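Quick caveat, the model's predicted, so the values are computed rather than measured. Letters A, B, ... mirror the listed sequences (proteins, then strands); counts begin at 1.
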Protein chains: 2
Amino acid sequence: MRKQGLPPLQGEASGEAFSRKPITARELARMLGVSQSAVSRAFTPGASIAADLRERILKYAAEIDYQPNAIASMLSKSRTNIIGIVVSDMQNPFYPGLIEKLSRSLQRIGLQSLLFNITKGSNLEEQLSALRRYNVDAVIVISATILSGSTLSWATEGRPAILINRVIEDTNLSCVACNNIEGARAIADHFHSQGARRVAYVAGLSHTTTNRERQNGFVTRIAELGMTLSAQIEGREYSYHAGRKAALEIAAKKSTDAIFFANDILAIGGIDALREEAGCRIPDDIYVAGFDDIPMADWPHYSLTTFRQPVDEIVRVVVEMIEGDTSALLRAATTIRLSGELIERRSTGVVQKTQ
Amino acid sequence: MRKQGLPPLQGEASGEAFSRKPITARELARMLGVSQSAVSRAFTPGASIAADLRERILKYAAEIDYQPNAIASMLSKSRTNIIGIVVSDMQNPFYPGLIEKLSRSLQRIGLQSLLFNITKGSNLEEQLSALRRYNVDAVIVISATILSGSTLSWATEGRPAILINRVIEDTNLSCVACNNIEGARAIADHFHSQGARRVAYVAGLSHTTTNRERQNGFVTRIAELGMTLSAQIEGREYSYHAGRKAALEIAAKKSTDAIFFANDILAIGGIDALREEAGCRIPDDIYVAGFDDIPMADWPHYSLTTFRQPVDEIVRVVVEMIEGDTSALLRAATTIRLSGELIERRSTGVVQKTQ
DNA sequence: GAAATTATTGCATCCGAATGCAACAAGGTA
DNA sequence: TACCTTGTTGCATTCGGATGCAATAATTTC
C-alpha cells in the first residue's frame with residue numbers, strides 16, 4: 001500500500017474563496033487510495049467495512065471537511081430524511097410551540113422539516129404539488145383547517161401522513177389528536193361545579209373536527225348536567241377578533257353565566273371584549289374557559305381556565321410513528337387520542353394559590 | 001411516427017395501492033416514443049423544444065400524473081430550490097408572523113423552506129451540519145441569538161446567507177434589519193414629549209446587536225434630551241417572564257417615569273408585573289413602550305406604544321435578495337436598514353381614537 | 001495442512017433528470 | 001439547385017452516493 005502525503009487542505013487563503021465546490025466521495029477515495037464504495041461504507045452505519053479502514057477514512061474526511069452530499073444520497077436511497085410539515089395558521093400561538101417542539105424532536109433523530117405554509121384562497125393543489133415532488137419521507141399536517149381529506153390524500157399519495165388534531169376516518173391518513181370530547185366535558189363539569197347554569201359555546205371553524213368534537217362534547221355534557229345552553233355562536237375562524245365579536249353577541253343577551261370558547265385565543269379575545277366593551281367583570285359576572293393552554297392563558301390579566309393539550313405527548317407519539325415502520329402507517333392508518341388536563345384559573349372563579 | 005394508444009392510467013383499483021413507485025421521465029418518454037431529453041425539456045422553461053411536442057408531453061404527463069422528481073433535478077442542476085431557515089426562538093410572537101410571511105413569499109416563487117430550529121446548549125455545529133449537507137440555495141437566519149458569526153460562516157460556507165435583524169459586519173453575511181437606532185430614538189422622543197424625564201431601559205439579550213443598538217440609540221437620545229436614565233436592566237432573554245422580573249426591579253426604586261423594553265414581549269410582561277405586583281397604574285404612574293408591534297401590543301389591556309418593525313418590507317427585501325443574483329450576495333455581503341414606525345398607544349398616555 | 005467460512009474490498013451499475021454535442025430537418029438566400 | 005441558417009431532437013454522459021455481486025484475504029474447522 002503506497003503511502004501518500006495528505007494533500008493540502010483547502011485553505012481560506014487559496015485564492016477563490018467563493019463557491020468552491022465541496023469535495024466528493026470519489027476524490028476523497030482517490031486521495032486515500034481506496035474505492036469510492038469504501039468511503040460510502042465508512043459513512044454508512046453497519047456497512048461491511050473493516051474498523052480500521054473506516055476510521056482512517058472518517059479521520060481524513062474530518063480533516064478535509066468532507067461530508068456526504070445529502071442530495072445524492074437521497075437519489076440513490078430514495079429516502080430524503082425530510083418530513084413535510086403542512087401548516088396554515090401560525091398566528092394562533094398554540095402552533096408555534098408545537099411546531100418548534102416537533103421540528104426539534106425530528107432533528108434529534110436526523111430528520112429535517114420542510115415547511116409548507118398554505119394559504120386559504122389560492123390554489124391548494126398548486127401549493128402542495130411541491131410536497132409530492134420533494135419526496136418527503138412523511139407528512140405531518142398541523143392545519144386544522146382549509147384542507148379537505150381528498151386534497152390531503154392526493155398531496156401525500158404514497159407516503160405516510162399524520163394529522164395532528166384533525167381526525168379523518170376512512171382514509172389512509174393517520175391522526176394524533178387531543179381527546180376533545182373529554183376536554184369539553186371537563187369544562188362543562190367545571191362550569192357546573194362552579195355554579196354556572198346558563199352556559200354558551202363559541203365555535204372556532206365550525207366544520208373542523210376539533211370544533212365539532214368540542215362542541216358536541218360540551219353541549220352533550222351540558223344537557224346531562226341539566227344546564228341551559230343559552231347561546232351558541234357559529235365561528236368563522238380561530239382568532240382573537242372572532243372571540244371578541246362572539247363574546248359581545250353573547251353579552252348583549254345578558255343570559256349567560258359562563259362561556260366556553262373553542263380555543264384560548266378566542267377566549268382571550270372574548271375576555272377583553274367582555275371587560276372593555278360589555279363592562280363585565282370576570283369571573284364575578286361571567287366565567288370564561290378556553291382550550292389549548294397557550295402561554296397567554298397564564299398571564300395574570302387573563303388567568304384563563306382551559307383544557308391543556310398534551311403537546312409533549314403529541315409530539316412524542318408523532319415522532320415515534322415516523323421513526324417506527326412508516327410503511328406500516330401506509331398500510332394501516334392509526335388514530336390516537338391523548339388525554340389533556342383541566343387547568344383551573346381565575347377566569348372561572350378559582351382562586352390561584354400564590355406561587 | 002407510430003401512433004400508440006395511451007397505456008392505462010394507474011388506477012386506485014390496480015391492486016397494490018401502496019408505495020407504487022412514481023413514473024419516471026424515461027418511462028413517460030418511452031410511452032410517447034420520444035426521448036427522455038424531450039420530456040426533461042418539456043418541463044424546462046425556455047428549453048429548445050418544439051411547441052407542439054412540449055404540449056403533447058405535458059398533456060400526457062398530466063394525464064398519467066407525472067411530475068419530475070425534484071431530487072434528481074437537484075442533483076444534476078446542483079440547485080435545490082430550498083432555502084434553509086435558521087430559527088431559535090418561536091416563543092416570541094414576533095417570529096411566527098415573520099416566518100409565515102417569509103415562507104409564503106418564498107413558496108410563491110417556487111422555493112421551499114427547510115426549518116432549522118436550533119437549541120441553545122447542545123452542539124450547534126452538529127445541529128447545523130445538516131444545513132451544509134442539504135445544499136440549500138441560501139440561508140436565512142432569524143435567530144437574533146445563540147449563533148456566533150464564525151459558526152454561521154462555517155454553517156453557510158459557500159452559500160449566500162442573510163441575517164434578519166442581526167448585523168454582523170466584516171463577514172460574508174448579508175443583513176436585513178430594522179433601523180433600531182431610529183426606533184429607539186423615536187421612543188425616547190416620544191417619552192420626552194409625553195412629559196417623562198426619568199426613564200429606564202430593559203435589555204433583551206445584552207450581547208445581541210439588536211439589543212445594543214436599541215440600548216445605545218435610546219440612551220444616547222435620552223442624554224441629548226437632558227433626561228435621566230434612572231435604571232438599566234441587563235437582560236438574559238427576550239421573554240415575558242424576564243420582562244416581569246425587570247419591571248419589578250425598576251418599580252422597587254420608584255424613580256422612573258417611563259420604561260423602554262427592548263421588545264414587546266418583555267414590555268407586556270413588564271406591564272403585567274407593574275400592575276399586578278407593583279400596584280402601578282399605566283400610563284398614570286408610569287409609561288411603558290416596547291419594540292416590534294406584535295399582535296398583543298394592540299390588545300386593549302396592554303395597548304402598548306411600540307416601534308413597529310416593517311415586517312412586510314423585510315420579507316420583501318430578503319426575498320428579492322434571494323431571487324436576484326445570489327452569487328452576487330456571496331461576493332459582496334450587503335447590509336440593508338429599513339425604517340419602522342412609531343405606534344402610539346395608551347401605555348404612554350396617548351388617547352386612542354375609537355375605531 | 002487442506003477445505004470451508006467469513007470478512008473485506010472493489011467493480012460496475014443504478015437512482016432520475018439535465019445538458020453538451022452531433023445529427024438531422026425545415027426554411028431562406030443567392 | 002447548392003449552400004447556409006435556424007430550429008429540433010436524440011445520444012451519451014454527468015451529478016455524487018448506494019449497493020449487488022464477484023474477487024480476494026483472513027480466519028476457522030476438521
Side-chain angles (χ1 to χ4, degrees), chain A residues 1-2 19-58 61 64-82 130 132-135 137 158, chain B residues 1-2 19-58 61 64-82 110 130 132-137 158:
Chain A
M1 185 185 300
R2 88 207 117 100
S19 65
R20 80 185 96 106
K21 267 212 315 251
I23 267 196
T24 71
R26 267 180 187 91
E27 295 170 322
L28 169 48
R30 200 165 29 70
M31 292 171 178
L32 284 177
V34 300
S35 74
Q36 178 262 320
S37 328
V39 176
S40 173
R41 291 190 178 110
F43 281 89
T44 308
S48 163
I49 184 175
D52 56 338
L53 210 209
R54 161 173 282 154
E55 197 184 353
R56 192 157 67 95
I57 292 177
L58 291 182
I64 65 173
D65 209 20
Y66 165 81
Q67 284 195 295
N69 180 322
I71 308 295
S73 161
M74 293 180 203
L75 184 58
S76 42
K77 285 201 302 197
S78 62
R79 161 139 203 218
T80 56
N81 284 336
I82 292 180
R132 314 175 84 213
R133 280 183 297 114
Y134 275 80
N135 281 1
D137 291 341
Chain B
M1 185 184 301
R2 84 208 122 101
S19 66
R20 81 186 94 107
K21 268 216 312 253
I23 267 195
T24 71
R26 243 178 278 277
E27 294 171 322
L28 169 48
R30 200 167 27 72
M31 292 170 178
L32 284 177
V34 300
S35 74
Q36 177 262 321
S37 327
V39 175
S40 173
R41 293 192 177 108
F43 281 88
T44 307
S48 162
I49 185 176
D52 56 338
L53 210 209
R54 162 173 282 153
E55 197 183 354
R56 191 156 66 95
I57 292 177
L58 291 181
I64 65 173
D65 208 19
Y66 164 81
Q67 284 196 294
N69 180 322
I71 308 294
S73 162
M74 292 179 203
L75 185 57
S76 42
K77 285 200 301 196
S78 61
R79 162 139 202 215
T80 56
N81 282 337
I82 292 180
R132 314 177 83 211
R133 280 184 296 115
Y134 275 80
N135 281 0
V136 297
D137 290 342

I want to check one thing: is the phosphate of [N], taken as OP1 and OP2, less than 4.0 Å away from some side-chain N or O of [X]?
X: A:S73; N: D:dG17; result: no
X: B:S76; N: D:dC15; result: no
X: A:Y66; N: D:dG16; result: no
X: A:T24; N: D:dG16; result: no

Calculate the interatomic distance between [X] atom [atom1] and [N] atom [atom2]; express it in whole Å.
X: B:R30; N: D:dC11; atom1: CZ; atom2: P; value: 14 Å
X: A:L53; N: C:dG10; atom1: CG; atom2: C1'; value: 11 Å
X: B:Y134; N: D:dG16; atom1: OH; atom2: P; value: 18 Å
X: A:R56; N: C:dT9; atom1: CZ; atom2: C1'; value: 12 Å
X: B:N135; N: D:dG16; atom1: CG; atom2: C1'; value: 10 Å
X: A:Q67; N: D:dG16; atom1: CD; atom2: P; value: 15 Å
X: A:M74; N: C:dA17; atom1: CE; atom2: P; value: 16 Å
X: B:E55; N: D:dT9; atom1: CD; atom2: P; value: 13 Å

- Tell me which of B:K77 and B:S35 sits closer to the 5' end of DNA chain D, going by the nucleotide each one is nearest to.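 So the residue in question is B:S35.
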
- Find which nucleotide of DNA chain D each of B:A72 and B:R54 is nearest to by heavy atoms, and output the residue with the more 5' nucleotide. B:R54

- Task: For B:F43, check ring-ring contact (aromatic ring centres under 6.0 Å, His included) against everything at least two apart and list the hits.
- Result: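 With neighbours one apart ignored, the set is B:Y66.
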
Need one value for [X]: base, sugar-phosphate or nothing, where a base atom within 4.0 Å counts as base even if backbone is also close, heavy atoms only.
X: B:L75; answer: base
X: B:V39; answer: nothing
X: B:I71; answer: nothing

Gap separating the [atom1] atom of [X] from the [atom2] atom of [Y], nearest 0.5 angstrom:
X: B:K77; Y: A:I71; atom1: NZ; atom2: CD1; answer: 12.5 Å
X: B:D137; Y: B:M74; atom1: CG; atom2: CE; answer: 9.0 Å
X: A:Q36; Y: A:R41; atom1: CD; atom2: CZ; answer: 9.0 Å
X: A:L75; Y: B:N69; atom1: CG; atom2: CG; answer: 6.5 Å
X: A:R132; Y: B:D65; atom1: CZ; atom2: CG; answer: 4.5 Å
X: A:N81; Y: A:N135; atom1: CG; atom2: CG; answer: 12.5 Å

Quick one: which protein N/O atoms are closer than 3.5 Å to N/O atoms of nucleotides 20-22 of chain D? Pair and distance per line, please.
unit_1: D:dG20; atom_1: O6; unit_2: A:R41; atom_2: NH2; d: 3.1

- Message: Measuring from the side chain of B:P68 (C-beta onward, heavy atoms only), which nucleotide among D:dG17, C:dA17, D:dA18 has the closest atom?
- Response: C:dA17

- Of the nucleotides D:dG17, C:dT19, C:dT9, which one has an atom closest to the side chain of A:A50?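 The answer is C:dT9.
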
- Task: List the steps, then state whether side-chain contact (heavy atoms from CB on, under 4.5 Å) holds for A:E55 with A:L58.
- Result: CA-CA 5 Å; A:E55 197 184 353; A:L58 291 182; 5.9 Å; no

